[in-house]
Amino acid sequence: MTQLPDLMPALPEIFLAVGALVLLMIGAFGGQRVSFLVTGMSMGLIAATALFVLPFGAKLGVTFGGAFILDEFAYFMKLLVLIGSFFAIAMSWAFAKSQSFDKFEYPVLIVLATLGMLLMLSANGMISLYLGLELQSLALYVIAAINRESVRSTEAGLKYFVLGSLSSGMLLYGMSLVYGFSGQIGFPQIAEVVSHEGASLGLIIGMTFVLAGVAFKISAVPFHMWTPDVYEGAPTPVTAFLAAAPKVAAMGMLVRIVISGFEPITSDWQQVLVFVALASMALGSFAAIGQTNIKRLMAYSSIGHMGYALVGLAAGTQIGVEGVVIYMTAYLAMTLGVFACILSMRRKNGMVEDINELAGLSQTNLPMAILLAIFMWSLAGIPPFIGFFAKWFVFSAAVEAGLYPLAIIGVVMSVVGAYYYLRIIKVMFFDQPTEAFETMPVELKVVLGLSGICVIFFAAMPGPIVQAASAAAGALF
């Protein structure tokens with residue numbers, strides 16, 4: 001008699017999948033009149049997964065024949081993803097009311113994308129990784145183009161889909177090569193084969209293709225080309241979601257691939273990651289300087305920040321992975337706060353996205369101007385905010401690993417990037433005020449306040465996050 005696998009490690013995913021199907025049925029039978037009900041229930045479902053299922057229901061372990069793993073690393077990163085998804089849905093309430101965006105499909109697709117992200121973070125082999133990645137990607141392609149009345153939104157979704165298909169092809173080709181030359185699909189088994197037999201040229205080429213496919217998902221150079229157009233074209237709540245949770249999940253997936261699957265050949269993948277990190281930091285710093293659209297600026301900013309996170313991973317050490325986890329935590333807090341401000345850039349005739357529309361914000365909405373300035377300082381890596389400590393951890397890991405040029409160039413690129421963050425502060429505090437924005441909705445005030453607390457007070461109480469990140473990194477070594 002075949003014994004059923006212990007499904008407890010996968011309980012959060014099972015719970016979320018069943019909930020998503022229930023929400024889909026409610027929306028399909030209720031139509032658009034239940035869209036706000038579905039939105040509220042989606043937030044409740046994600047919160048229940050984070051608050052009740054993960055801490056108490058799920059247990060650490062491996063299931064589905066070793067294809068699925070729940071360890072401290074997956075646990076911590078999943079909590080970040082669920083937080084990002086919850087607030088992304090919350091920030092869309094006011095936008096949905098004002099922009100005819102109240103489609104029940106939107107929150108359901110975010111729940112399905114979140115399910116894909118959780119699967120990505122627990123993938124312990126190439127097939128489970130690809131299934132999670134495609135579940136996330138297919139949902140993201142649709143929500144990028146969900147505003148069918150907007151040519152920009154449709155174009156954004158199409159670009160994302162075409163380039164995403166290309167990256168999936170590269171990823172699959174790389175996986176087929178890795179399987180062909182190692183005879184294994186599970187990451188621990190691949191690492192065991194490589195450590196005993198060494199890496200053949202074919203396996204290294206396959207690994208490079210896998211890294212290229214994942215680099216697309218974190219929008220790292222040279223696979224970044226979709227990011228500015230999709231960020232600008234997609235509806236702003238969608239951009240807020242794309243900038244937050246999927247980046248955390250993809251970075252977590254990349255960490256597991258290189259540490260669990262290819263740790264014996266660290267010197268080979270380290271070269272690839274060093275190049276990608278350098279190119280991403282440089283492009284993110286220089287290309288954003290001439291941007292006038294704040295969503296495009298945030299796109300280039302995210303490219304740069306993925307480069308900084310990769311500095312920690314390129315070290316290939318436990319301290320480096322700990323730095324990546326802390327960096328992604330800081331990135332999530334800062335990004336949600338900035339997009340809460342961007343979603344508040346609304347007047348009677350609709351949303352505005354030009355940076356010059358923030359002129360004189362300190363005179364029309366001082367609390368928002370102060371918090372946005374703090375987020376910009378933090379993104380630039382200026383102490384005493386969380387962004388400074390995040391960069392400190394990844395650069396320290398690079399220095400300890402002997403990657404001195406990478407750390408030095410990273411610091412220099414931080415200085416260059418500070419220019420366009422400080423320019424926004426200058427516009428808000430020193431330019432003549434324009435027409436005031438409409439009153440900020442309650443949900444955006446909540447997100448703005450919580451993000452502000454994380455960014456400002458991390459220095460006072462860094463212990464819990466640093467200890468959790470240390471435990472998460474330790475699970476992979």
Heavy-atom donor-acceptor pair, Ser219 side chain to Ala215 backbone, under 3.5 Å: no
Rounded distance [0.5 Å steps], CD1 in Ile386 versus OG1 in Thr329: 7.0 Å
CD1 (Ile127) with more than 12 external heavy atoms under 6.0 Å: no
Donor-acceptor pair between Tyr421 and Ser301 side chains, under 3.5 angstrom: yes
Heavy atoms of other groups near Tyr419 OH, more than 12 under 6.0 Å: no
Separation of Asn293 CG from Glu232 CD (nearest 0.5 Å): 4.5 Å
Thr227 (side chain) donor-acceptor with His224 (main chain) under 3.5 angstrom: yes
For Phe339 against Ala243, the heavy-atom pair lying closest together: CE1-CB, 3.6 Å
Heavy-atom side-chain proximity of Ser302 to Tyr331 below 4.5 angstrom: yes
Under 3.5 Å: donor-acceptor pair, side chain of Trp377, backbone of Leu372: no
Output field: ring centroids Tyr141/Phe161 closer than 6.0 Å: yes
Any Val427 side-chain heavy atom under 4.5 Å of Leu358 side chain: yes
Near-ring test Phe389/Phe458, centroid separation under 6.0 angstrom: yes
In a table with atom names and distances, give each donor-acceptor pair under 3.5 Å that connects a side chain of residues 77-84 to protein atoms at least two apart or in another chain.
from	atom 1	to	atom 2	distance (Å)
Lys78	NZ	Glu13	OE2	2.5
Lys78	NZ	Ser122	OG	2.6

Test log, rule side-chain hydrogen bond (donor to acceptor under 3.5 Å, both in side chains), inputs Glu400 and Thr317: CA-CA 9 Å; Glu400 284 192 30; Thr317 60; over 6 Å; no
Contact check, side chains of Phe286 and Tyr300, non-hydrogen atoms, under 4.5 Å: no
Close side-chain approach of Ser128 to Phe64, heavy-atom, < 4.5 Å: no
Closest non-hydrogen atom pair between Val324 and Ala309, with its separation: CG2-O, 3.3 Å
Exercise: identify the closest heavy-atom pair between Thr154 and Ala145: CA-CB, 4.1 Å
Donor on one side chain, acceptor on other, Ser137 and Lys217, under 3.5 Å: yes
Heavy atoms of other groups near Phe388 CZ, more than 12 under 6.0 Å: yes
Spacing of CG belonging to Leu11 relative to CG belonging to Leu7, to within rounding of 0.5 Å: 9.0 Å
Under 3.5 Å, which donor-acceptor pairs do the side chains of residues 259-268 form with other protein atoms, sequence neighbours left out?
from	atom 1	to	atom 2	distance (Å)
Ser260	OG	Arg256	O	3.4
Thr266	OG1	Glu263	O	2.6

Atom pair CG (Leu444) and CD1 (Ile342), whose distance is rounded to the nearest 0.5 Å: 11.5 Å
CZ on Phe216 to CG on Leu166, rounded to 0.5 Å: 7.5 Å
Check: Ser176 side chain, Tyr173 main-chain N or O, donor-acceptor pair, under 3.5 Å: yes
Close side-chain approach of Leu119 to Phe68, heavy-atom, < 4.5 Å: yes
Crowding at CZ, Phe429 (>12 non-hydrogen neighbours, <6.0 Å): yes
Flag side-chain contact, heavy atom, 4.5 Å: Leu211 against Val258: yes
Derivation and outcome, side-chain contact (heavy atoms from CB on, under 4.5 Å), residues Leu242 and Tyr160: CA-CA 11 Å; Leu242 290 174; Tyr160 194 16; 4.1 Å; yes
Shortest non-hydrogen contact between Tyr106 and Ala88, atoms and distance: OH-O, 4.1 Å
Exercise: do His305 and Tyr327 side chains pair donor with acceptor under 3.5 Å: yes
Over all atoms of both residues, closest heavy-atom pair of Leu177 and Gly202: CB-O, 4.1 Å
Gap separating the OG1 atom of Thr239 from the CG atom of Leu343, nearest 0.5 angstrom: 8.5 Å
Side chains of Phe393 and Val466 in contact at under 4.5 Å (non-hydrogen atoms): yes
Minimal non-hydrogen separation, Ala47 against Phe86, with atom names: CB-CE1, 4.0 Å
With sequence neighbours excluded, residues passing salt bridge (charged side-chain N to carboxylate O under 4.0 Å, His left out) with Glu353: Arg152, Lys295
Verdict with reasoning, Phe375 to Leu448, per side-chain contact (heavy atoms from CB on, under 4.5 Å): CA-CA 10 Å; Phe375 294 138; Leu448 196 60; 3.4 Å; yes
Test log, rule side-chain contact (heavy atoms from CB on, under 4.5 Å), inputs Leu422 and Ile382: CA-CA 11 Å; Leu422 298 178; Ile382 297 172; 4.2 Å; yes
Summary of salt bridge (Lys or Arg N to Asp or Glu O under 4.0 Å) pairs that have at least one residue in residues 416-428, sequence neighbours excluded: Lys426-Asp431
Any pair counted as salt bridge (Lys or Arg N to Asp or Glu O under 4.0 Å), so long as it reaches residues 158-183, sequence neighbours left out: Glu155-Lys159, Lys159-Asp229
Cation over ring face, Lys391 and Tyr308, 6.0 Å, 45°: yes
Check: Ser280 side chain, Gly307 main-chain N or O, donor-acceptor pair, under 3.5 Å: no
Per-pair distances, 0.1 Å, donor-acceptor, side chain in residues 187-198, under 3.5 Å, sequence neighbours excluded:
from	atom 1	to	atom 2	distance (Å)
Ser195	OG	Ala191	O	3.2
Ser195	OG	Glu192	O	2.8
His196	ND1	Glu192	O	2.9

Candidate pair Leu310 and Ile218, rule side-chain contact (heavy atoms from CB on, under 4.5 Å), full reasoning: CA-CA 10 Å; Leu310 287 173; Ile218 60 171; 4.1 Å; yes
Backbone N/O of Leu332 and side chain of Thr335: donor-acceptor pair under 3.5 Å: no
4.5 Å side-chain heavy-atom contact, Met175 and Met207: no
